[in-house]
Amino acid sequence: MATTTPATRPANPRFSSGPCAKPPTFTLESLSDAALGRSHRAAVGKSKLKQAIETTREILGVPADYRIGIVPASDTGAMEMAMWSLLGARPVEMLAWESFGAGWVTDVAKQLKLDATVRTADYGHIVDFAQVDFDSDVVFTWNGTTSGVRLPNGNAIPTNRQGLTICDATSAAFATDLPWDKLDVTTFSWQKALGGEAAHGMLILSPRAVERLETYTPAWPLPKIFRMTKGGKLIEGIFVGETINTPSMLAVEDYLQALEWAKSIGGLTGMIARADANSAVLETFCANHDWLDFLAIDTDTRSNTSVCLKFTDARITDGATFAKAVAKRLETEGVALDIGAYRDAPAGLRIWCGATVETSDLDALMPWLEWAFEAEISAL
Ligand SMILES: Cc1ncc(COP(=O)(O)O)c(C=O)c1O
């Protein structure tokens, strides 16, 4: 039984699933070129916004004919803008296997009041994509941040579908090679795998999504911050950096710096490799300790970013209290911040493994995890 505290501490104890750890090279001084106190519509502001769009395209391999926009209200803003603007033209299927996907179901069923087909799976599982009708519009979350269950690939999505796919890729972007030909709308925020700031969302539209925008007018009113068309035509300016309303130029600078860091470590391939190496630390730890396991049942669906873990020791009778106590003990020691499971998810831990986290910090955390577990078991 490990009763003495381990000798090594993670150099950075930030394992939060959002906002996530900043890139290892981050300093406040690195933001000194921010266009602060300048108009975002001045040449300097516009060029930074355009650069953010084009570097995103370059790293993620987004096709040239897809539009990329910076929109208000983080990922939630981007997703709601897409759903409010596009849905209602065809039947809708909503897929959810954790809290964020469930939130989009609520939007569509209760607020837009669409009679959607809702397919759900319990925490740890994923919806059976073979049953989904892709001639409907289909809304789903690629990586379920609160269950650590992700889509292994886009194989089940047909390229010749009639409907649009609307994908919340918040905790998958920059950690997964997203198949653009399978995705009509993709959203994410800067605060996850890149360790950027929240507040702005990214909205990526396929040509078919643009066609829908230009040929369909929803029955409900659209607030200004959702409006992407004028007189039946796409407002192209949004997709070259002429944002609908005022962005934070500090957050934009921070995003640009994060993108540069991503490029410096090998772009998307390097980002994925780091996330894979990080999640492998937890794979190994779970394989060697029979009291901890992934919440994701099927190994193919295990997330390489938001790794969700459950305690499986039979001596634990109150799982929620136990997991909270372990997380609290680690936080008090200053070795792991914000690793408790999401409030709506089953009891356990959630440890962010995206590329901005150093593998050496996860390596250093593992003995502490064992120490905290043993301490809490002893205290039962
Ligand atoms: C899958 C997913 N969707 C949406 C959100 C909401 O993101 P934001 O608060 O940036 O709008 C999150 C945040 O954790 C998420 O993980």
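For ligands, and for the atoms within them, numbers begin at 1 and follow the listed sequence.
- Near Q191, the atoms of ligand 1 lying under 4.0 angstrom from a non-hydrogen atom of the residue are 7 (O), 8 (P), 9 (O), 10 (O).
- Less than 6.0 angstrom separates the ring centroid of F373 from the ring centroid of W291.
- Annotation for ligand 1: atoms under 4.0 Å from non-hydrogen atoms of S189 are 10 (O).
- Contact annotation: for D168 versus ligand 1, heavy atoms closer than 4.0 Å belong to the side chain alone.
- Residue-environment remark: CG (D122) stays at or below the threshold of 12 foreign heavy atoms within 6.0 Å.
- Taking every non-hydrogen atom of D75 and a distance limit under 4.0 Å, the qualifying atoms of ligand 1 come out as 3 (N), 4 (C), 5 (C), 7 (O), 8 (P), 10 (O), 11 (O).
- Between S279 and N304, the side chains place no donor N or O within less than 3.5 Å of an acceptor N or O (distance only, hydrogens not considered).
- Annotation: Y342 is not in aromatic contact with Y123 [ring centroid separation under 6.0 Å not met].
- Under a 3.5 Å cut-off, the side chain of R150 and the backbone N or O of W142 do not form any donor-acceptor pair.
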- Kindly determine whether W97 and H125 satisfy ring pair (Phe, Tyr, Trp, His ring centres under 6.0 Å), including the steps that lead there. CA-CA 7 Å; W97 52 91; H125 298 268; over 10 Å; no
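- Nearest to atom 16 (O) of ligand 1 by heavy atom, out of T146, T305, T145, T170, is T145.
- Residue contact check for ligand 1: M79 places no non-hydrogen atom closer than 4.0 Å to it.
- Here is the list of ligand 1 atoms found below 4.0 Å of a heavy atom in S74: 8 (P), 10 (O), 11 (O).
- Considering backbone and side-chain N/O of T76, one or more are found under 3.5 Å from N/O of ligand 1.
- Atom numbering of ligand 1 starts at 1 in the shown order; those under 4.0 Å from a heavy atom of T141 are 1 (C).
- From the protein, the heavy atom lying nearest to atom 5 (C) of ligand 1 is F100 CE2, 3.3 Å.
- Within the cation-pi definition used here (under 6.0 Å to the ring centroid, within 45° of the axis), R14 does not qualify as a partner of W352.
- The single protein non-hydrogen atom nearest to atom 14 (O) of ligand 1 is K192 NZ, 2.6 Å, given as residue, atom name and distance.
- With 3.5 Å as the limit, one finds a donor-acceptor pair spanning the side chains of N278 and T359.
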